[in-house]
K.L.:
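First, the structure itself, so that you have it in front of you.
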Protein chains: 2
Amino acid sequence: MSTARHASAPFTVDLVVLTALTSELAVLLEKGKGNSGRWTLPWRLPVRSESLNAVSGRLAVSAVGSKAAWIEQLGAFGDGRAHPSLVQLSVAFVAAVPHEMAGPERGFHWFPVRDLPPLAPRHRSMVEAAIERLRMAVDRAPIAFRLLPPRFTLTELQQMYELLLGKRLHKASFRRSLQAASLVTATDEWRSEGRGRPAQLYTFAPKRKNRPARGVRFDLLGGTGV
Amino acid sequence: MSTARHASAPFTVDLVVLTALTSELAVLLEKGKGNSGRWTLPWRLPVRSESLNAVSGRLAVSAVGSKAAWIEQLGAFGDGRAHPSLVQLSVAFVAAVPHEMAGPERGFHWFPVRDLPPLAPRHRSMVEAAIERLRMAVDRAPIAFRLLPPRFTLTELQQMYELLLGKRLHKASFRRSLQAASLVTATDEWRSEGRGRPAQLYTFAPKRKNRPARGVRFDLLGGTGV
DNA sequence: TCAATAGTGTCTGTTAGACATTATGGA
DNA sequence: TCCATAATGTCTAACAGACACTATTGA
């Protein structure tokens, strides 16, 4: 029951920053500003008349030290689930950043999504929604490419997709689709990684292609099939 | 700049109700409560501590007179786009209802989405987002079926899908996928519609089927292809 | 030489769209 | 009878996954 009488808006903007941490997804958490030293998602009470996108963008910069590779609004969260701010409503954003590029700022820490510390209920539902949204977005936005360095091997790219999607992919199929989509071009560089045959390096260089726009998918009932 | 000192929450809940109106999508608008008699999306200032889902659900009932066939949160809208309430933030929902079932309540009217009256900028972006969201949701939720009467012909079902998706579908492919998805069962009734051969009536009776869970779709660059 | 990884060719099953054909009523 | 619509069979192209094979390095 906070009496909002200062110039801040009566809702928080919260951010779920995801990254690829050695073969698993990780979330960026902040050492709680409140009394209990619990970890929280980065959030802030925006000042009035600030745009949501501006606030979330600056929140990302303040957390990871650079602009996010991808950021999207998740939605409004409230409905009785507790939040560290005690404010009724939160607008959540989901972002992805490359892990190597910029270490987290002071007071922040990466946690694997499979092993999170206790979070406020509202924050826990945001993390779940964020992962789901990321997996939906991976095939519509070049997120995987932006999480990799400018030059990468196709195996690295595939592993990034597998990590983001949370499932294994078939090597030959992956490369065929990639070829058909005209998304990468080979460089003349190769990289030797320990034992086996060196891998060719590629760059992200999408060329517009008119996809045939398939019909309906009757994907009701959430049948995942294995 | 309204001083929010009464017991209402400092944001609005807005609703985009969509329906299938004789071969085109239509939105439900309300004669503006404000000074200018402009049309607006149905919205309200919820009282504090009300859940978002509860508010949006009741808003739908008050607009169409019955529970929505499908409803989902669209997200938070603000960012400087004007809203009839003058409130900074709005949480929008999108809903779909069958057109025949329940006429709109007094003061409401259906408008084809291709021919909308002037709307507040924030409401216009909600309508656009709602249509896009509906099209994404049509193959994950049985929206088309809930907009049809319990017994329908396959041609009616296909036309509903075409209307919701905004594109033509291939008849034989549509029926094959439908069959494969085990979503409908035939009744022993037939309906003669004017000239040609009568059509068999079907009911929505989904049977769980384990779909094979396909790989990646490189669907970047929004290539629609025709 | 062996182990390990990169990269590719072939085969098969599934599916979407094109097209044509049959079926069955009303005008 | 003719016409309009329903319903279905066949063909083809695209594509995903399985499998196996070759290529190229380090140990």
Side-chain angles (χ1 to χ4, degrees), chain A residues 23 138-139 148 151-162 165 167-203 209-220 223-226, chain B residues 23 138-139 148 151-162 165 167-203 209-220 223-226:
Chain A
S23 81
V138 156
D139 53 3
L148 288 172
R151 299 179 170 236
F152 49 84
T153 68
L154 294 189
T155 300
E156 287 170 343
L157 181 63
Q158 181 176 343
Q159 286 169 346
M160 180 63 74
Y161 266 99
E162 290 177 340
L165 293 172
K167 67 179 180 192
R168 302 298 310 276
L169 297 174
H170 188 271
K171 183 164 76 164
S173 288
F174 180 81
R175 291 170 184 225
R176 258 177 316 191
S177 318
L178 196 60
Q179 202 67 20
S182 308
L183 291 179
V184 296
T185 53
T187 69
D188 53 357
E189 291 178 62
W190 301 74
R191 178 192 299 160
S192 194
E193 201 84 65
R195 212 74 134 116
R197 169 175 172 179
Q200 192 164 13
L201 293 184
Y202 286 76
T203 60
K209 259 291 186 68
N210 269 358
R211 302 285 245 77
R214 285 308 185 59
V216 216
R217 293 176 68 92
F218 295 104
D219 217 359
L220 321 185
T224 55
V226 176
Chain B
S23 81
V138 157
D139 54 2
L148 289 172
R151 301 182 167 234
F152 49 84
T153 68
L154 295 189
T155 300
E156 287 170 343
L157 181 62
Q158 180 176 345
Q159 286 169 346
M160 180 61 74
Y161 266 98
E162 290 176 339
L165 293 171
K167 68 179 180 193
R168 302 298 310 276
L169 297 173
H170 188 271
K171 183 163 79 164
S173 289
F174 180 82
R175 291 172 183 224
R176 257 177 317 193
S177 317
L178 196 61
Q179 201 67 21
S182 307
L183 291 179
V184 297
T185 53
T187 69
D188 54 357
E189 290 178 62
W190 301 74
R191 178 191 299 159
S192 195
E193 202 85 64
R195 262 301 226 182
R197 169 176 171 178
Q200 193 164 12
L201 294 183
Y202 287 76
T203 58
K209 258 285 186 70
N210 270 0
R211 301 285 243 80
R214 284 309 183 55
V216 215
R217 293 177 68 94
F218 295 104
D219 216 359
L220 320 184
T224 55
V226 176

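In what follows, chains are A, B, ... by sequence order, proteins preceding strands, each numbered from 1. The structure presented is a predicted model; accordingly, all values stated were derived computationally and were not measured.
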K.L.:
If the sugar-phosphate is the primed atoms plus P, OP1 and OP2 and the base is the rest, what is the B/S/- string for nucleotides 20-27 of chain D, using protein heavy atoms under 4.0 Å?
P.N.:
---BBBBS
K.L.:
Restricting to nitrogen or oxygen on both sides, can you table the protein-nucleotides 12-17 of chain C pairs closer than 3.5 Å?
P.N.:
{"unit_1": "C:dA16", "atom_1": "OP2", "unit_2": "B:Ser177", "atom_2": "OG", "d": "3.3"}
{"unit_1": "C:dG17", "atom_1": "OP1", "unit_2": "A:Gly215", "atom_2": "N", "d": "3.3"}
{"unit_1": "C:dG17", "atom_1": "N7", "unit_2": "B:Ser173", "atom_2": "OG", "d": "3.1"}
{"unit_1": "C:dG17", "atom_1": "N7", "unit_2": "B:Arg176", "atom_2": "NH2", "d": "2.6"}
{"unit_1": "C:dG17", "atom_1": "O6", "unit_2": "B:Arg176", "atom_2": "NH1", "d": "2.9"}

K.L.:
Which residue pairs pass the salt bridge (Lys or Arg N to Asp or Glu O under 4.0 Å) test with at least one member in residues 169-183 of chain A, sequence neighbours excluded?
P.N.:
none
K.L.:
If the condition is side chain to side chain donor-acceptor pair (under 3.5 Å), which residues does B:Gln158 pass it with, not counting sequence neighbours?
P.N.:
B:Glu162
K.L.:
What's the CD-C1' distance between B:Gln159 and D:dT5, to the nearest Å?
P.N.:
11 Å
K.L.:
Give every donor-acceptor pair under 3.5 Å between a side-chain atom in residues 183-191 of chain B and any protein atom, sequence neighbours left out.
P.N.:
{"unit_1": "B:Thr185", "atom_1": "OG1", "unit_2": "B:Thr203", "atom_2": "OG1", "d": "3.1"}
{"unit_1": "B:Thr187", "atom_1": "OG1", "unit_2": "B:Glu189", "atom_2": "N", "d": "3.1"}
{"unit_1": "B:Thr187", "atom_1": "OG1", "unit_2": "B:Leu201", "atom_2": "O", "d": "2.9"}
{"unit_1": "B:Glu189", "atom_1": "OE2", "unit_2": "B:Arg151", "atom_2": "NH1", "d": "2.3"}
{"unit_1": "B:Arg191", "atom_1": "NH1", "unit_2": "B:Glu156", "atom_2": "OE1", "d": "3.4"}
{"unit_1": "B:Arg191", "atom_1": "NH1", "unit_2": "B:Glu156", "atom_2": "OE2", "d": "2.6"}

K.L.:
Counting any heavy atom closer than 4.0 Å, what does B:Thr153 reach on the DNA or RNA strands: base, sugar-phosphate only, or nothing?
P.N.:
nothing
K.L.:
Closest approach of B:Leu165 and A:Val216, non-hydrogen atoms and distance?
P.N.:
CD1-CG1, 4.1 Å
K.L.:
Would you work out how much the helix from C:dT1-D:dA27 to C:dA27-D:dT1 bends between its ends, with each end axis defined by five base pairs, to 10 degrees?
P.N.:
10°
K.L.:
Just how far, in rounded Å, is P of C:dA18 from CZ of B:Arg168?
P.N.:
11 Å
K.L.:
With B:Phe174, which residues qualify under ring-ring contact (aromatic ring centres under 6.0 Å, His included), at least two apart?
P.N.:
A:Phe218, B:Tyr161
K.L.:
Under 4.0 angstrom, heavy atoms only, what part of the nucleic acid is B:Gln200 near: base, sugar-phosphate, or nothing?
P.N.:
sugar-phosphate
